[in-house]
Amino acid sequence: MEPKVAELKQKIEDTLCPFGFEVYPFQVAWYNELLPPAFHLPLPGPTLAFLVLSTPAMFDRALKPFLQSCHLRMLTDPVDQCVAYHLGRVRESLPELQIEIIADYEVHPNRRPKILAQTAAHVAGAAYYYQRQDVEADPWGNQRISGVCIHPRFGGWFAIRGVVLLPGIEVPDLPPRKPHDCVPTRADRIVLLEGFNFHWRDWTYRDAVTPQERYSEEQKAYFSTPPAQRLALLGLAQPSEKPSSPSPDLPFTTPAPKKPGNPSRARSWLSPRVSPPASPGP
């Protein structure tokens, strides 16, 4: 890895990793090469970017402390706001650089995703993006089958949170990092994709590989609970009906609220998130 990339990666990791995140560098060109022009990131190909994902540890290290500090605020999605806060800290830690941050939930006015998170995770070498095209002579006929990323250490027990773009920093010699193909057989890929598409509520697709760590029972209960009841589940007060003024010691970015459905989930590299549209959580 180039010294410049290694230095920036270390600084970002110092900001995020203590809170249960992982960071992977990639070139914008690797992402754009897999997608039609409408989905390209509008930056030169050698531009340096970092993929950010959360591990099971994020729930205790980042989300719960964030909720305890901000539970009196008007929250749209607590997890998204927590992630936005921590990604904002990356910008603060590198004030000398121009930084663009795209969270996984962000969309353009026409509802097209700003980043296809699973594609970004694959090209960054963070997780292998298994798709229907990876199953020879697949058995699904006319059924619509969405793809899913699997992490070599956490299986499906993780979530892709966004990308950090560094316009003006180009790394043409950065070597590609291939994702680990941890579900190599046709039979296991069928089980994975069927579990993800048809049985996601039972969580079993996430065990496509034996994970180093899974979501805790508390974390699973949180993501399976209707959003309006999640804070009470953790013993926290519900947010006020009126937004309170920002705390001077805890600034954070408010993301746009989610809307159901996603027109880009059709096929191939155009599937943006790691969970099905109706999934209870990341």
Side-chain angles (χ1 to χ4, degrees), residues 10-23 50-95 99 101-106 117 151 153-164 201 203 206 211-259 273-275 279-282:
Q10 186 63 57
K11 287 183 177 180
I12 296 174
E13 286 180 336
D14 288 346
T15 301
L16 294 179
C17 289
F19 298 94
F21 297 94
E22 291 186 344
V23 176
F50 289 92
L51 184 283
V52 178
L53 62 82
S54 63
T55 72
M58 189 274 285
F59 187 78
D60 285 321
R61 295 183 186 177
L63 179 61
K64 290 170 72 174
F66 178 82
L67 292 178
Q68 290 163 356
S69 298
C70 301
H71 68 273
L72 295 178
R73 299 195 180 171
M74 196 73 167
L75 300 180
T76 52
D77 182 288
V79 174
D80 287 349
Q81 289 216 18
C82 173
V83 172
Y85 166 71
H86 283 282
L87 291 179
R89 292 180 63 244
V90 172
R91 181 182 284 111
E92 294 171 1
S93 71
L94 297 168
I99 294 178
I101 295 172
I102 306 177
D104 70 303
Y105 51 78
E106 291 190 63
H151 190 287
R153 289 185 294 111
F154 299 110
W157 302 96
F158 78 104
I160 306 161
R161 297 304 181 183
V163 297
V164 176
R201 289 183 186 274
W203 306 88
R206 298 177 188 261
Q212 174 180 306
E213 185 179 2
R214 295 180 176 90
Y215 291 171
S216 65
E217 290 304 312
E218 181 185 36
Q219 189 169 177
K220 289 165 67 176
Y222 177 87
F223 288 122
S224 299
T225 298
Q229 302 171 24
R230 288 178 175 177
L231 294 183
L233 186 71
L234 296 178
L236 299 172
Q238 293 296 314
S240 170
E241 290 299 320
K242 295 181 181 180
S244 60
S245 58
S247 169
D249 60 343
L250 192 60
F252 67 97
T253 303
T254 303
K258 292 182 180 178
K259 294 184 179 179
R273 299 194 65 147
V274 72
S275 301
S279 175

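We're numbering straight along the sequence, starting at 1. Remember, predicted model here, so these are calculated numbers, not experimental data. Heavy-atom basis, side chains included; hydrogens, waters and symmetry copies ignored.
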Straight-line distance of [X] [atom1] to [Y] [atom2], nearest 0.5 Å:
X	Y	atom1	atom2	value
C17	M58	SG	CE	13.5 Å
S224	Q219	OG	CD	10.5 Å
Q68	L63	CD	CG	9.5 Å

Nearest atoms (heavy-atom pairs only) where [X] meets [Y]:
X	Y	value
L87	I101	O-CD1, 3.0 Å
E218	D60	OE1-OD1, 4.2 Å
A117	D104	CB-CB, 4.2 Å
E13	P18	O-CD, 3.4 Å
F21	V83	CE2-CG2, 4.3 Å
V90	V164	CG1-CG1, 4.4 Å

Q) F59: what forms a ring pair (Phe, Tyr, Trp, His ring centres under 6.0 Å) with it, not counting sequence neighbours? A) Y222
Q. With a 3.5 Å cut-off and no angle check, do the side chains of R161 and S54 form a donor-acceptor pair?
A.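 Per modelled atom types, R161 and S54 side chains form a pair under 3.5 Å.
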Q) Parallel, tilted or perpendicular: which describes the rings of W157 and Y215, with under 30° parallel and over 60° perpendicular? A) perpendicular
What residues, two or more places apart in sequence or in another chain, satisfy side-chain hydrogen bond (donor to acceptor under 3.5 Å, both in side chains) together with [X]?
X	answer
E22	Y24, H151, R153
R214	D207
Q10	D14

**Q.** Under the salt bridge (Lys or Arg N to Asp or Glu O under 4.0 Å) test, residues paired with E213 that sit two or more places apart
**A.**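 Scan of E213 (salt bridge (Lys or Arg N to Asp or Glu O under 4.0 Å), adjacent residues dropped) gives none.
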Q: Return the set of residues passing side-chain contact (heavy atoms from CB on, under 4.5 Å) with A103 (not counting sequence neighbours), or none when no residue passes.
A: Y105, E106
Q.
Checking K11 now: which residues fulfil side-chain contact (heavy atoms from CB on, under 4.5 Å) with it, not counting sequence neighbours?
A. E7, L94, E96
(Q) Evaluate T15 against E92 for side chain to side chain contact (heavy atoms under 4.5 Å, CB included), listing each step before the verdict. (A) CA-CA 10 Å; T15 301; E92 294 171 1; over 6 Å; no
Q. Checking R61 side chain against F19 main chain: does a donor-acceptor pair fall under 3.5 Å?
A. no
(Q) Taking E217 first and then K220, would you say they form a salt bridge - that is, a charged N and a carboxylate O separated by under 4.0 Å? (A) yes
Q) Mind checking whether P78 and F66 have side chains closer than 4.5 Å, heavy atoms only? A) no
(Q) Contact between P211 and F158 at the side-chain level, heavy atoms closer than 4.5 Å - yes or no? (A)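 No, too far: nothing below the 4.5 Å cut-off.
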